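These notes are about the structure you will find just below.
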There are 2 protein chains.
Amino acid sequence: MKRTKKERQRLLTETIEDNPFVTDEQLASQFGVSVQTIRLDRMELAIPELRERIKDVAAKKYENEVKSLPIDEVIGEIIDIELDSRAISIFDVGAEHVFQRNGIARGHHLFAQANSLAVAVINDELALTVKANVFFVKPVRAGDRVITKAIVRGQHNEKNRTYIDVVSTVNNDTVFKGEFEMYRTKGKGDNHETSN
Amino acid sequence: MKRTKKERQRLLTETIEDNPFVTDEQLASQFGVSVQTIRLDRMELAIPELRERIKDVAAKKYENEVKSLPIDEVIGEIIDIELDSRAISIFDVGAEHVFQRNGIARGHHLFAQANSLAVAVINDELALTVKANVFFVKPVRAGDRVITKAIVRGQHNEKNRTYIDVVSTVNNDTVFKGEFEMYRTKGKGDNHETSN
DNA sequence: CTGGTATTAGTACCAAGTGCTAAAAAAATT
DNA sequence: AATTTTTTTAGCACTTGGTACTAATACCAG
């Protein structure tokens, strides 16, 4: 055998992670060991069998799809929300969100997270952005986890407006700030707690 | 039992469609027929077995993940550009850009088009949005063709800033306006630190 | 040489099927 | 009613990609 068991198991985990569709047999021949060894490895590493792995992938998709009925419309994941008051979402910046040239996140993704959080925090069927003043304080990079907080600052009921302040941070550093003026159809009305 | 074969097969297709994780055995007992009948039905309807179905779901998810990586550097298509002066892009709003509930385009798409046009018009390797004041004048709907014009209003060379006005229209109706303050490197050192 | 870890082999068994044949049961046709 | 056709059920062998378990080696160190 080439290297240690440890090394093989490290590679195994990696291999399976980026292609869960691989069978023990394929793995065995890839690593030049017997199928049994692969099975032992999986057991030690608590990696489930092919079918379970595939089912997990599929189930996850399903979960997302089912859950994403209301949340799909939000960029980033809402982790806390109190309607008409405040909301928090997190958004992991990936390679697909940055300029290739310099690795800095494109502004519109930060805007999108902030904007959709502003929409989400409003307890109304219809919420539209009327105006926004936004400030890109610091560059954000791939791998950064952006935490965005939206706070409802005030309402103007005659004009059907709601004013929201949004601040995004990475590691407690402010990277983005914005003030959003939102239009809504109703004033504060029905209450369904959509807490998380 | 209850209804005709046709009817059962219709229901079968439906059932499997919204829950691909169901086994023949479960289906058999649900429809009050034998497992063999279910198998025959699946054969006639060309519905693959449980494991294949699950694999398909999983594979599709995988595909999507891989495909969604490369995101166009520009949102909308630039049809005219004069660097450091002006640029025009068009963006066709599709069903995927609007809120399901009311068919109105989500703000961040309009912002994204404007923002990326502002980036594109700058004749520099690095252009970042520092600040933006945007105004969503009128709702935009699926099927609308948004034409966005960016005009460079001014420069502040010591601060490496460029000021850009952006107006988006649908059928000559203004739907979005924005002022963008952009940072550019142009000759100077590269680091971008903004106030705050 | 003895002991412990690592690896391989082999067997029985499982889930959820496919493929095939054949027989019953139900429905339609003559 | 008798016959034909369609539909349904049953049974068996076989397949994948495993689990669970036992037993035999192989390797390496003290």
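Quick caveat, the model's predicted, so the values are computed rather than measured. Protein chains get the first letters and strands the later ones, always in sequence-line order, with residue 1 at the start of each.
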Between [options], which nucleotide has the shortest distance from any of its atoms to the side chain of [X]?
X	options	answer
A:Met43	D:dT8, D:dT19, C:dT7	D:dT19
A:Thr37	D:dT9, C:dT18, C:dT7	C:dT7
B:Leu50	D:dG18, C:dG17, C:dT7	C:dG17
A:Ser34	C:dA6, D:dT9, C:dT8	C:dT8

Whole-Å distance separating the [atom1] atom of [X] from the [atom2] atom of [N]:
X	N	atom1	atom2	value
A:Lys55	D:dT16	NZ	P	20 Å
A:Lys5	C:dA6	NZ	P	4 Å
B:Ile54	D:dT16	CD1	C1'	14 Å
B:Ile38	C:dA15	CD1	P	19 Å
A:Leu40	D:dT22	CG	P	14 Å

Would you say B:Val175 and B:Ile104 are hydrophobically clustered, going by side-chain heavy atoms of ILVMFWY under 4.5 Å?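 Yes.
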A:Met182-B:Val137 co-clustered via ILVMFWY side chain contacts under 4.5 Å: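 In one cluster: yes.
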Which atom names give the shortest non-hydrogen contact between A:Phe99 and A:Ala105, and what distance separates them? CE1-O, 4.4 Å
Would you please confirm or rule out a distance under 4.0 Å between OP1 or OP2 of [N] and any side-chain N or O of [X]?
X	N	result
A:Thr23	D:dG17	no
A:Arg42	D:dT19	yes
A:Arg39	C:dT7	no

Ring geometry between A:Phe136 and A:Phe176 (parallel below 30°, tilted from 30 to 60°, perpendicular above 60°): perpendicular
Any base atoms under 4.0 Å from B:Gln36, or only sugar-phosphate, or nothing? Heavy atoms, all strands.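 Touches a base.
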Hey, which sits more toward the 5' end of DNA chain D by its nearest nucleotide, A:Ile47 or B:Glu44?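 Whichever sits nearer the 5' end wins; that is B:Glu44.
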Got a donor-acceptor pair under 3.5 Å from the side chain of A:Arg51 to the base of D:dG17?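 Counting by modelled atom types and ignoring angles, a donor-acceptor contact under 3.5 Å is found here.
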If the test is side-chain hydrogen bond (donor to acceptor under 3.5 Å, both in side chains), which one of B:Thr162, B:Asn160, B:Asn157, B:Asn123 qualifies with B:Arg184?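 Result: among B:Thr162, B:Asn160, B:Asn157, B:Asn123, B:Thr162 is the only option passing the side-chain hydrogen bond (donor to acceptor under 3.5 Å, both in side chains) with B:Arg184.
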